[in-house]
Amino acid sequence: MTIIENKTPDLEFSRQSSKVIGALSRLKKYAYDDGVISSKIKILTALTIAVVTKCESCIRSYIKLVYEKGVTKDELVEILNVSIAMQGCVGHTWALKAYHEFLKLSNKTSNNDETVTDIDNEYNCCG
């Protein structure tokens with residue numbers, strides 16, 4: 001019998017699945033690296049997919065990445081409009097979630113807050 005000493009389930013799972021999680025991390029790194037298509041475009045595309053598939057943790061994670069890539073509010077709105085076009089009214093709801101996350105990051109950074117986002121302390125499947 002294995003005794004787990006005060007470890008969170010997430011940490012325990014990560015350790016037990018380290019090969020798969022490591023492979024997934026490497027896959028994402030290579031998929032989002034600059035190539036013929038820029039990393040920025042690839043991450044914006046992933047954000048669109050996250051909005052359409054309604055993955056809230058993915059949305060938070062990709063919003064953080066697009067923010068770090070220097071995506072402007074106007075660029076974000078245009079890509080979120082693509083999500084809305086692909087999914088209609090439901091897409092609008094999830095696009096708003098993404099937009100609010102972006103605004104939270106913008107506001108925290110403009111206020112010189114050391115803590116860029118609460119995303120870092122939450123589970124996110126795509127970060």
Side-chain angles (χ1 to χ4, degrees):
M1 181 171 156
T2 304
I3 298 174
I4 300 168
E5 301 173 15
N6 297 325
K7 293 188 173 53
T8 66
D10 294 352
L11 182 59
E12 175 189 355
F13 181 78
S14 293
R15 286 185 179 154
Q16 291 179 351
S17 302
S18 63
K19 289 181 181 178
V20 172
I21 292 170
L24 182 58
S25 293
R26 287 186 302 280
L27 170 69
K28 287 187 236 177
K29 182 210 176 305
Y30 294 124
Y32 300 139
D33 277 349
D34 282 320
V36 175
I37 298 172
S38 74
S39 176
K40 179 177 166 180
I41 298 299
K42 292 176 182 182
I43 293 168
L44 283 168
T45 302
L47 173 62
T48 302
I49 294 167
V51 169
V52 171
T53 60
K54 300 176 266 194
C55 181
E56 195 161 353
S57 59
C58 295
I59 290 169
R60 287 192 305 268
S61 187
Y62 286 117
I63 283 294
K64 183 179 176 194
L65 291 172
V66 298
Y67 186 82
E68 290 170 353
K69 286 286 181 185
V71 170
T72 66
K73 194 185 306 183
D74 291 339
E75 290 172 317
L76 178 68
V77 168
E78 282 193 26
I79 203 70
L80 292 176
N81 285 338
V82 172
S83 301
I84 294 168
M86 292 300 298
Q87 198 178 30
C89 293
V90 175
H92 177 249
T93 299
W94 287 87
L96 276 173
K97 288 178 183 276
Y99 187 72
H100 286 235
E101 288 297 322
F102 187 85
L103 292 178
K104 282 182 2 187
L105 284 174
S106 296
N107 290 337
K108 287 185 179 187
T109 302
S110 66
N111 293 333
N112 295 324
D113 189 344
E114 290 288 327
T115 308
V116 175
T117 178
D118 297 331
I119 296 169
D120 296 326
N121 297 324
E122 297 177 21
Y123 170 78
N124 54 60
C125 65
C126 297

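No hydrogens, no waters, no symmetry mates; every other heavy atom, side chains included, goes into these values. Along the sequence shown, residues are numbered consecutively beginning with 1.
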How would you list, by chain and number, every residue that makes a side chain to side chain contact (heavy atoms under 4.5 Å, CB included) with Glu78, sequence neighbours excluded? none

Please check if the side chain of Arg15 supplies one atom and the backbone of Leu11 the other of a donor-acceptor pair under 3.5 Å. no

Please report the interatomic distance OG1(Thr72) to CZ(Phe102), rounded to the nearest 0.5 Å. 7.0 Å

The side chain to side chain contact (heavy atoms under 4.5 Å, CB included) partners of His92 (sequence neighbours excluded) come to Ile84, Leu96

Could you pull out all donor-acceptor pairs under 3.5 Å where a side-chain atom in residues 33-41 meets a protein atom, sequence neighbours excluded?
| from | atom 1 | to | atom 2 | distance (Å) |
| --- | --- | --- | --- | --- |
| Asp33 | OD1 | Lys29 | NZ | 3.4 |
| Asp33 | OD2 | Lys29 | NZ | 3.0 |
| Asp34 | OD1 | Ser39 | N | 2.5 |
| Ser38 | OG | Ile41 | N | 3.3 |
| Ser39 | OG | Tyr32 | O | 2.8 |
| Ser39 | OG | Lys69 | NZ | 3.2 |
| Lys40 | NZ | Glu75 | OE1 | 3.2 |
| Lys40 | NZ | Glu75 | OE2 | 2.8 |

Measure the shortest side-chain to side-chain distance between Leu47 and Val51 over non-hydrogen atoms and say whether it is less than 4.5 angstrom. yes

Partners passing side chain to side chain contact (heavy atoms under 4.5 Å, CB included) against Thr53 (at least two apart in sequence or in another chain): Ile49, Cys55

Could you walk me through whether Glu101 and Lys97 pass salt bridge (Lys or Arg N to Asp or Glu O under 4.0 Å), step by step? CA-CA 6 Å; Glu101 288 297 322; Lys97 288 178 183 276; over 6 Å; no

Leu44 side, atom CG; Ile79 side, atom CD1 - distance, nearest 0.5 Å: 5.0 Å

With rounding to the nearest 0.5 angstrom, report the OH to OG1 distance, Tyr62 to Thr45. 10.5 Å

Starting at NZ of Lys73, measure out to CG of Leu80 and round the result to the nearest 0.5 Å. 12.5 Å

Point-to-point distance, once rounded to the nearest 0.5 Å, from CD of Glu56 to CD1 of Ile59: 6.5 Å

Ser17: which residues meet the side chain to side chain contact (heavy atoms under 4.5 Å, CB included) condition with it, sequence neighbours left out? Phe13, Ile21

Working to the nearest 0.5 Å, report the span between OG of Ser57 and CZ of Arg60. 6.0 Å

ring-ring contact (aromatic ring centres under 6.0 Å, His included) with Tyr99: which residues, sequence neighbours excluded? none

